[in-house]
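Computed from heavy atoms alone, side chains included, the values below leave out hydrogens, waters and symmetry copies. If you're wondering where the values come from, they're calculated on a predicted model, not measured in any experiment.
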Amino acid sequence: MEKEDITLRIESGIAWVGIERGTNKNALTQRMVLRLTDIARQLSADAAVRCVILFGTPEIFSAGIDLKDPEKWANEQLPFAEKRQIARRGPALCKAWEEMPQLTFAAIEGINVGGGVALTLACDFRIQAEDAHLLMPEVAIGIPLAWQSIPRLVRLIGPARAKRCLLWGERISAAMAHEWGLADEITPSGKAMARAEDLAKKIAAMPFPAVAMTKESVNASANALNHMASFMDADQSMLTMLSGEMKRKP
């Protein structure tokens, strides 16, 4: 039996969702994107779940979308309308995670790249190991950061730092991520999960309706203009891919 690359465990009001592909630097295939979206929707409807912890492997959270995924490129001959539906999978994934009523924690060890960063931006809190780092290489490849992530990034760190993350192509260390607001807490290496669990247990013990209502109120205020600013970013990604200037990673 093939090993599951997206795992789910629920216990005592806490759900653990693992990106545990174990190969290709934990990159997200199209199937994994759909599975993570389905899990977010499933958990959203589960009133017994109070908090959700998203994690990768000890070596790497995720290298982002898998540009070697045959399914991604097998769709090149599809009608435009179908291509557009596929391009919207990423935004749908992040929206599903952002709109969960539960508090969500991303426990980040190792490297987190591109689409992996986009997914963690949709979580409520990011707990990052001190030797972990972030990278958003999309523009260097030839596409803008998509999945409606730019407004989330700007909200957290401001426009100048967002441009620096996206255009300079530098690795963002855990210390820099914490200073800027991309990481909420920094832990010793290998301890991000333990800290996320401590926080999740604390929140899970609180009256859940009040927690969920508070999250919804904060998000409604913080994200009010996000969709308006980014509703076409899936189409922008398609445009840049069709331009012929996008570089497929070797």
- Item | Qualifying ring-ring contact (aromatic ring centres under 6.0 Å, His included) pairs, either residue in residues 86-129, two or more places apart |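 As it turns out, the ring-ring contact (aromatic ring centres under 6.0 Å, His included) pairs with a partner in residues 86-129, which skip direct neighbours, are Phe105-Phe125.
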Close side-chain approach of [X] and [Y], heavy atoms under 4.5 Å:
X: Glu197; Y: Ile53; answer: yes
X: Arg31; Y: Ile6; answer: no
X: Leu43; Y: Val17; answer: yes
X: Phe61; Y: Ile19; answer: yes
X: Arg21; Y: Asp66; answer: yes
X: Ile65; Y: Gln30; answer: yes
X: Leu103; Y: Leu199; answer: no
X: Glu11; Y: Trp16; answer: yes

- Message: Holding to salt bridge (charged side-chain N to carboxylate O under 4.0 Å, His left out), I want the full list of residues that pass it with Glu59, two or more places apart in sequence or in another chain.
- Response: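 Glu59 satisfies salt bridge (charged side-chain N to carboxylate O under 4.0 Å, His left out) with no other residue.
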- Query: Of all residues at least two apart in sequence or in a different chain, which pass the salt bridge (charged side-chain N to carboxylate O under 4.0 Å, His left out) check with Glu170?
  - Reply: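 Partners of Glu170 under the salt bridge (charged side-chain N to carboxylate O under 4.0 Å, His left out) test: Arg164.
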Rounded to the nearest 0.5 Å, what's the gap from [atom1] on [X] to [atom2] on [Y]? Could you check?
X: Arg89; Y: Cys94; atom1: CZ; atom2: SG; result: 14.5 Å
X: Met176; Y: Ile186; atom1: CE; atom2: CD1; result: 12.0 Å
X: Met136; Y: Trp168; atom1: CE; atom2: CH2; result: 13.5 Å
X: Leu28; Y: Leu34; atom1: CG; atom2: CG; result: 11.0 Å
X: Arg195; Y: Ile127; atom1: CZ; atom2: CD1; result: 7.0 Å
X: Leu134; Y: Leu182; atom1: CG; atom2: CG; result: 6.0 Å

For [X] versus [Y], what's the shortest heavy-atom pair and its separation?
X: Ala200; Y: Cys51; result: O-SG, 3.5 Å
X: Gly56; Y: Asn26; result: CA-ND2, 3.9 Å
X: Pro188; Y: Ala129; result: O-CB, 4.1 Å
X: Ile172; Y: Ala177; result: CG2-N, 3.9 Å
X: Gly116; Y: Ser62; result: CA-CB, 4.2 Å

- Members besides Met213 in its Ile/Leu/Val/Met/Phe/Trp/Tyr cluster (side-chain heavy atoms under 4.5 Å):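 Via sub-4.5 Å side-chain contacts, Met213 links to none.
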- Tracing side-chain links under 4.5 Å among I, L, V, M, F, W and Y, which residues wind up in one group with Leu225?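 Under the 4.5 Å side-chain rule, Leu225 groups with Met228.
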So if you build clusters from Ile, Leu, Val, Met, Phe, Trp, Tyr with side-chain heavy-atom gaps below 4.5 Å, do [X] and [Y] land together?
X: Leu54; Y: Ile108; answer: yes
X: Val52; Y: Leu36; answer: yes
X: Val113; Y: Val139; answer: no
X: Leu119; Y: Leu8; answer: yes
X: Ile39; Y: Phe55; answer: no

[X] side-chain N/O to [Y] backbone N/O, donor-acceptor pair under 3.5 Å:
X: Glu109; Y: Lys191; value: yes
X: Gln102; Y: Val49; value: yes
X: Thr187; Y: Ala192; value: yes

Going by the salt bridge (Lys or Arg N to Asp or Glu O under 4.0 Å) test, which pairs reach into [range], not counting sequence neighbours?
range: residues 219-229; answer: none
range: residues 125-139; answer: Arg126-Asp184
range: residues 219-243; answer: Arg84-Asp235

Scan the side chains in residues 144-160 for donor-acceptor partners under 3.5 Å anywhere in the protein, sequence neighbours excluded, and list what turns up.
| from | atom 1 | to | atom 2 | distance (Å) |
| --- | --- | --- | --- | --- |
| Gln148 | NE2 | His227 | ND1 | 3.2 |
| Gln148 | NE2 | Ser230 | O | 3.4 |
| Gln148 | NE2 | Ser230 | OG | 3.2 |
| Ser149 | OG | Ala146 | O | 2.9 |
| Ser149 | OG | Trp147 | O | 3.4 |
| Arg152 | NE | Glu98 | OE2 | 2.9 |
| Arg152 | NH1 | Trp147 | O | 3.1 |
| Arg152 | NH1 | Gln148 | O | 3.0 |
| Arg152 | NH2 | Glu98 | OE1 | 3.3 |
| Arg155 | NH1 | Asn223 | OD1 | 2.4 |

What donor-acceptor contacts under 3.5 angstrom involve side-chain atoms of residues 201-212, with partners at least two apart or in another chain?
none

- Task: Sorted by first residue and then second, give each side-chain hydrogen bond (donor to acceptor under 3.5 Å, both in side chains) pair with at least one member in residues 203-215; sequence neighbours left out.
- Result: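 Listed once each, the pairs are Asp124-Lys215.
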- Item | side-chain hydrogen bond (donor to acceptor under 3.5 Å, both in side chains) contacts in which one or both residues fall within residues 32-42, not counting sequence neighbours |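 The answer is none; no pair qualifies.
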